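Only a predicted model underlies this, so the values are computations on that prediction, with no experimental measurement involved.
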Amino acid sequence: MQIVIPLFDRFAPLDAVGPYQVLRLLPDAEIVFAAVRPGPVADETGAFVQLATASLADVPRPDVILVPGGAGQARQMDAGPLRDWLVEADKTSTWTTSVCAGALILAGAGLLEGRPATTYWLAMDELARLGARPRRERYVFDGKYATSAGVSAGIDMALALAARIAGDDTARRCQLAIEYDPEPPFNGDPYAAPAALTAPLRAASRFGAG
């Protein structure tokens with residue numbers, strides 16, 4: 001089972017690496033980090049670099065596509081290699097998925113038209129403008145399409161995907177293997193958070209009002 005995580009300049013590391021930590025544990029999983037050209041790809045700060053071991057052209061028919069988000073997401077929504085690859089690879093994929101603002105890349109490629117989907121909380125309006133039906137959920141499945149909310153939600157989505165691919169027991173083992181049992185000190189629900197906390201994030205967001 002080939003799982004391809006396409007990378008682009010200024011991607012968000014946890015969007016890609018979080019699900020990778022889960023999905024690499026699936027039986028017969030072959031995970032490929034790919035980019036337009038093989039080589040190092042820097043994250044949104046330049047401090048983290050992930051090696052793409054293949055070009056997109058090398059992996060035309062993955063079983064699973066997992067698209068991360070990140071500050072470089074907007075550039076990937078125009079006509080270009082990643083968008084072209086997504087449209088073609090989606091025709092034969094078993095699962096097409098995204099984390100955070102990666103949903104905007106899928107939607108921009110026309111793959112979420114009319115579908116329920118989720119994304120980073122500040123990008124919900126943009127997701128709607130791109131033709132999807134935004135849902136305020138941690139992750140959303142619609143047929144073969146799965147989208148997750150922001151950054152850390154990719155781990156949750158990957159575990160749910162693992163259960164659909166290999167069964168609940170395998171997914172539970174994956175969760176135990178990475179000891180994923182979060183106990184955050186604060187409530188991270190952006191829809192329940194006070195305006196005094198969310199307002200500065202909205203003001204600084206590249207997605208506008210959100």
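Within 6.0 Å of CZ in Arg37 there are 12 or fewer heavy atoms belonging to other residues, nucleotides or ligands. A 6.0 Å sphere centred on CZ of Phe8 holds more than 12 heavy atoms belonging to other residues, nucleotides or ligands.
Atom-to-atom distance recorded for Met77:CE and Leu106:CG is 10.0 Å, nearest 0.5 angstrom. A distance of 6.0 Å separates OH of Tyr180 from OG of Ser152, quoted to the nearest 0.5 Å. With rounding to the nearest 0.5 angstrom, the CG atom of Leu159 is 9.5 Å from the CG atom of Leu25. The distance from atom NZ of Lys91 to atom CZ of Arg61, rounded to the nearest 0.5 Å, is 11.0 Å. Taken to the nearest 0.5 Å, the SG atom of Cys174 stands 12.5 Å off from the CD1 atom of Ile155. Here the OG1-CE distance, from Thr97 to Met157, works out to 4.0 Å after rounding to the nearest 0.5 Å.
Minimum heavy-atom separation, Val4 to Pro62: CG2-CB, 3.5 Å. Between Ala16 and Pro68 the shortest heavy-atom distance is N-CB, 4.1 Å. For the pair Arg206 and Ala101, the tightest heavy-atom approach, listed with the atom from each and the gap, is NH2-CB, 3.9 Å. The two residues Ala109 and Val87 come nearest to each other via the heavy atoms O-CG2, 3.8 Å. Counting all heavy atoms, side chain and backbone alike, Ala34 lies closest to Ala52 at C-CB, 3.9 Å. In plain terms, the two heavy atoms of Ala35 and Val41 that are nearest each other are CB-CG2, 4.1 Å.
Side chain of Asp43 to main chain of Pro13: no donor-acceptor pair is present (N/O by atom type, distance under 3.5 Å, no hydrogens or angles). The main-chain N or O of Gly69 is found under 3.5 Å from a side-chain atom of Asp15 such that the two form a donor-acceptor pair. A donor-acceptor pair under 3.5 Å links the side-chain atoms of Asp58 to the main chain of Ser55, judged by distance alone. In this structure, Thr147 contributes its side chain and Ser98 its backbone to no donor-acceptor pair below 3.5 Å. Arg115 places no side-chain N or O within 3.5 Å of a backbone atom of Ala132 that could act as its donor or acceptor partner. In this structure a side-chain-to-backbone donor-acceptor pair under 3.5 Å is present from Glu44 to Ala71.
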Next item on the list: I would like to know whether Thr119 and Phe207 meet side chain to side chain contact (heavy atoms under 4.5 Å, CB included); could you show each step before the answer?
Entry: CA-CA 12 Å; Thr119 187; Phe207 301 109; over 6 Å; no
Next item on the list: Could you check Leu161 against Tyr139 for side chain to side chain contact (heavy atoms under 4.5 Å, CB included), going step by step and ending with a plain yes or no?
Entry: CA-CA 10 Å; Leu161 179 62; Tyr139 54 84; over 6 Å; no
Note to self: Does Val99 form a side chain to side chain contact (heavy atoms under 4.5 Å, CB included) with Val151? I'd like the steps, not just the answer.
What the structure shows: CA-CA 6 Å; Val99 179; Val151 193; 5.7 Å; no
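For the pair Pro60/Glu88, no side-chain contact is recorded, criterion being any heavy-atom separation below 4.5 Å from C-beta on. Side-chain atoms of Leu86 and Ile65, non-hydrogen and from C-beta on, do get closer than 4.5 Å to each other. Side-chain contact between Leu56 and Pro6: present, with at least one pair of heavy atoms (C-beta onward) separated by less than 4.5 Å.
The one candidate from Ile165, Ile3, Asp63 that meets the side-chain contact (heavy atoms from CB on, under 4.5 Å) condition with Trp95 is Ile165.
A chain of hydrophobic side-chain contacts below 4.5 Å, direct or via other Ile, Leu, Val, Met, Phe, Trp or Tyr residues, connects Ile5 to Tyr145. No single ILVMFWY cluster, assembled from side-chain heavy atoms under 4.5 Å apart, contains both Val140 and Leu66. Using a 4.5 Å cut-off between side-chain heavy atoms of Ile, Leu, Val, Met, Phe, Trp and Tyr, with links allowed through other members, Met124 and Leu201 fall into the same hydrophobic cluster.
Phe141 carries Arg164 over the face of its six-membered ring, with the cationic atom under 6.0 Å from the centre and within 45° of the normal.
Side chains of Ser205 and Arg202: no donor on one and acceptor on the other come within 3.5 Å.
Between Tyr191 and Trp121, the ring planes lie perpendicular to each other; the angle is over 60°, past the 30° to 60° tilted range.
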